[in-house]
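Contents: one structure, followed by commentary.
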Amino acid sequence: MPGKPLKSIGDQELALLQHLSEHGDASVGEVAAAFGEARGLARSTVLTMMERLRAKAYLRRRQVDGVYRYAPAAQPDDLMRNAVGSFVEKTLQGSLSPFVAWMSQRTEVSDDELAELEAMVATLQSKRKDA
C-alpha cells in the first residue's frame, strides 16, 4: 500500500477492516455472520462493502476451494493512519489544532500514550531542524 494514497473510507468500512485484521481472512458469509448480523447488516450489504473495499485496494481476495476469501491488503496500523489522515484532511481541513486542543482536554491519558506523544513531538522537532 505504500506509494499512492488510498481512497477514503467510512466508519462502517473501517470497522469491517478492523474485524478482518483481528480475525484473519474470511468469506463473505463468515463476515456477514460474525460482523454483519450484530450490526443489522444483510449479507448482500456486507458483500457490497467488501467489494467496495477491494475496489479501493483495502482488501484483497483469493479463491480457496471455490470460495472467495478476503483479507486486508495492509497492516492495521497503516489502515488507522490512513483513516486519521482522511479525518484530518476532510473534517479538520488539514489543521491539527482542533485535535491537539481535544487531546489537551482529555483527563485520561496513560503514561504510555503520553510517552508516545512526547516521542512524536521530538521526532517532528528533529525533522524541522534537519530541513
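The model shown is predicted, which means the values in this text are computed figures rather than measured ones. For the numbers below, each heavy atom of this structure counts, side chains included, while hydrogens, waters and symmetry mates do not. Along the sequence shown, residues carry numbers from 1.
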Without placing hydrogens or testing angles, list every side-chain donor-acceptor pair under 3.5 Å for residues 122-131, not counting sequence neighbours.
from   : atom 1 : to     : atom 2 : distance (Å)
Thr123 : OG1    : Ala119 : O      : 3.0

Nearest atoms (heavy-atom pairs only) where Arg39 meets Ala15: NH2-CB, 4.4 Å
CG-CG distance between Asp112 and Leu117, expressed to the nearest 0.5 angstrom: 11.0 Å
Set of residues satisfying side chain to side chain contact (heavy atoms under 4.5 Å, CB included) with respect to Glu113, sequence neighbours excluded: Arg106, Val109, Ser110
Sequence neighbours excluded, every pair satisfying ring-ring contact (aromatic ring centres under 6.0 Å, His included) that has a member inside residues 108-131: none
Linked hydrophobic residues, Met120 as query - side chain contacts closer than 4.5 Å: none
side-chain hydrogen bond (donor to acceptor under 3.5 Å, both in side chains) against Glu51, all qualifying residues, sequence neighbours excluded: Arg54, Arg61, Tyr70
Nearest atoms (heavy-atom pairs only) where Ala57 meets Ala73: O-CB, 3.5 Å
Worked check of side-chain contact (heavy atoms from CB on, under 4.5 Å) between Leu41 and Phe35: CA-CA 8 Å; Leu41 301 174; Phe35 174 83; 4.0 Å; yes
Pairwise distance CD(Gln12) to CE(Met49) - rounded to 0.5 angstrom: 4.5 Å
Inter-residue atom distance Ile9.CD1 - Leu16.CG, 0.5 Å rounding: 9.0 Å
Pairing residues for Arg81 by the salt bridge (Lys or Arg N to Asp or Glu O under 4.0 Å) criterion, not counting sequence neighbours: Asp78
Summary of salt bridge (charged side-chain N to carboxylate O under 4.0 Å, His left out) pairs that have at least one residue in residues 20-37, sequence neighbours excluded: Asp25-Arg62, Asp25-Arg69, Glu30-Arg69
Contact list for residues 107-127, test ring-ring contact (aromatic ring centres under 6.0 Å, His included), sequence neighbours left out: none
Non-neighbouring partners of His23 that pass ring pair (Phe, Tyr, Trp, His ring centres under 6.0 Å), sequence neighbours left out: His19
Hphob cluster co-occupancy, Val84 + Trp102, side-chain heavy atoms under 4.5 angstrom: yes
Cluster link Phe87 to Met103, ILVMFWY, side chain under 4.5 Å: yes
Glu116 CD to Asp111 CG distance, which is reported to the nearest 0.5 Å: 12.5 Å
Only pairs under 3.5 Å count here: list side-chain donor-acceptor contacts from residues 92-99, not counting sequence neighbours, and write none if there are none.
from  : atom 1 : to    : atom 2 : distance (Å)
Gln93 : NE2    : Lys90 : O      : 3.3
Gln93 : NE2    : Thr91 : O      : 3.4
Ser95 : OG     : Ser97 : N      : 3.3

Val46 to Gly36 - nearest heavy-atom pair and separation: CG2-CA, 4.0 Å
